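Shown next, in structure tokens, is the structure this report addresses.
Because the structure is predicted, anything quoted here is derived from the model rather than measured. In what follows, every chain begins at residue 1, and chains take the letters A, B, ... in the order their sequences are listed.
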Amino acid sequence: MILSTHPTLVLLLALTEPFVSGSSTWATVQAHLSPGSTLDDFIAARVRKTGTTIVGVVCDDCLVLGADTRATNDRTVADKNCEKIHKIAANIYCCGAGTSADCERLTLEARLRMMEFTRLMQSVHPAHSGELSTDDVQRQHCRVAAAHRFLKNATYHSVEDVSAAFVLGGVDTTGPHLYAIDQDGSSSKGPFAALGSGSMAALSVLESEYQDGISEQAAMDLVCLAIAAGIDNDLGSGSNIDLCIIRKHTVEYHRSYQQLQQPQRTACTADTGGGRTESDIMIRVRQTRATAAATSLARRNIVYPALRTASVPSQVGDVRVRIDDSIELL
Amino acid sequence: MEMPGDYPGLKPNEISTGTTIMACMYDGGVIMGADSRTSTGTYVANRVSDKITALHDYIYACRSGSAADTQAISDYVRYFLSSHSAEVGRLPTVKTAANLARRICYNNKDNLLAGMIIAGWDPVHGGSVYEIPLGGTIMKQQFAIGGSGSTYIYGHVDAAYKEGMTKEEAKIFVRKAIAHAMARDGSSGGVIRIVTIDKDGVEREYIPGNELPYGP
């Protein structure tokens with residue numbers, strides 16, 4: 001997921017006409033790319049999908065959705081534990097990939113639309129008001145096809161302005177349904193789906209392990225395996241796995257069902273003084289970027305401790321941890 | 001960056017139904033066929049997609065070009081057709097459906113990339129096949145082929161087509177042609193979906209990839 005201007009987003013805007021003609025198009029795009037990028041970066045950015053792995057699997061009578069929890073800002077991890085599974089209705093959930101603002105906005109609009117419809121149903125059927133909870137009314141009346149229709153049309157008609165793809169699934173009175181809505185506004189329905197930059201890794205797991213009539217527990221394991229494949233093999237996906245099991249009468253939403261990367265907050269807070277929250281550290285890192293001296297202070301007190309507990313080779317700013325755990329300054 | 005098999009004018013990484021679609025009239029109805037591959041550049045986004053969409057009870061459309069555009073066009077035509085059918089109180093004609101699609105494709109030709117084959121049965125004209133290639137022309141034909149894979153089978157269909165085929169002969173004709181196109185076109189593959197429409201209703205079949213009448 002991308003939180004700020006990104007080459008791919010600019011490309012969607014700039015490439016409505018052929019690229020070969022018009023230096024103005026290239027100048028516009030170049031203005032948004034980081035300095036020093038070459039044509040190769042430009043082309044690479046064109047084919048790069050947005051960072052996320054989202055997956056959905058249909059079982060006999062229920063549906064399992066899964067997502068990783070990494071939000072990226074170009075090459076920085078902006079949020080280590082974000083929520084990519086959004087609620088549309090009590091029985092319909094949606095995973096979003098692409099620009100996070102666009103995903104949030106479109107799923108919010110879908111949620112509001114379903115709620116408008118729910119209120120209408122509650123007023124039209126007087127027996128419902130008072131007796132059935134809003135959730136139960138939604139389970140009875142809200143259809144996954146309706147949510148799909150709304151989200152797909154919203155994506156298609158704003159395709160020049162937004163960059164968002166969705167794996168939408170739910171269980172209504174006609175059974176479980178899963179839709180994949182791509183970034184350009186086309187959609188497809190199927191027994192399993194994977195979208196985002198980690199989708200190829202996830203899809204390879206799904207293609208080899210999926211069986212018709214899969215059980216709920218097997219589906220949960222399969223979704224975890226698929227997201228883990230995305231997390232391991234795609235740089236844009238990482239951190240934990242969120243899982244959402246939607247059944248006919250209940251929904252189980254597991255935030256951080258599997259934690260593949262332990263949060264490094266404890267190391268940071270211990271070194272900089274007890275009682276600091278993660279956001280305090282982020283503020284401090286931003287402030288200390290101002291001066292070189294402050295930067296080295298930040299590096300000593302914040303970055304090194306974090307990197308020392310890193311279990312995988314990683315890079316924060318210009319400090320890198322090599323595979324043998326030694327720290328290298330670039 | 002255009003991939004071989006992509007339509008020129010497709011945005012980079014836009015999902016295309018680079019495809020093979022076909023429809024053939026026989027005495028009493030039509031047979032429609034399509035492959036099932038939807039691609040984004042060289043990545044197959046959906047290997048079992050359904051490119052034959054219902055516009056009305058007896059009228060179906062084969063879609064090729066941009067998946068998003070053709071899905072949106074089919075949605076508009078389905079909506080207009082159902083209102084029209086309710087207003088006139090009878091089944092709509094395939095000609096009406098085809099013209100609705102053609103108007104959308106022609107009037108928005110700068111913003112759309114859609115090649116469609118509209119076919120079906122109506123009580124007025126029986127079975128009919130209309131082709132609407134890029135740009136929004138409309139052509140009524142005995143049989144029609146479309147999509148990127150169709151370029152490989154022009155010679156084959158011209159040689160194999162016979163006037164006055166029966167339903168079974170027409171089905172074999174469509175199956176064989178699509179199988180040949182799938183063998184040579186990289187953007188076509190998966191399974192062959194066949195839809196038979198006549199006055200008794202609509203029948204859907206599919207031929208799995210390992211049972212194609214002709215393959216690599």
**Request:** Might you point out which heavy atoms bring B:A68 and A:S186 nearest each other, and give the distance in Å?
**Result:** N-CB, 3.4 Å

**Prompt:** Which residue out of A:G190, A:S187, A:S188, A:A194 racks up the most heavy-atom pairs below 4.5 Å with chain B?
**Reply:** A:S187

**Message:** Are there over 12 heavy-atom neighbours, none belonging to B:R78, within less than 6.0 Å of that residue's CZ?
**Reply:** yes

**Asked** How about A:R143: does its CZ atom have over 12 heavy atoms from other parts shown lying under 6.0 Å from it?
**Response** yes

**Item:** Student check: side-chain heavy atoms of A:K189 and B:D50 closer than 4.5 Å
**Value:** no

**Message:** Can you tell me how far apart CG (B:D75) and CG (A:N153) are? Round to the nearest 0.5 Å.
**Reply:** 6.5 Å

**Prompt:** Got a sec: does the OH of B:Y206 have more than 12 other heavy atoms crowding it under 6.0 Å?
**Reply:** no

**Asked** Just wondering, more than 12 heavy atoms not from B:K176 lying within 6.0 Å of its NZ?
**Response** no

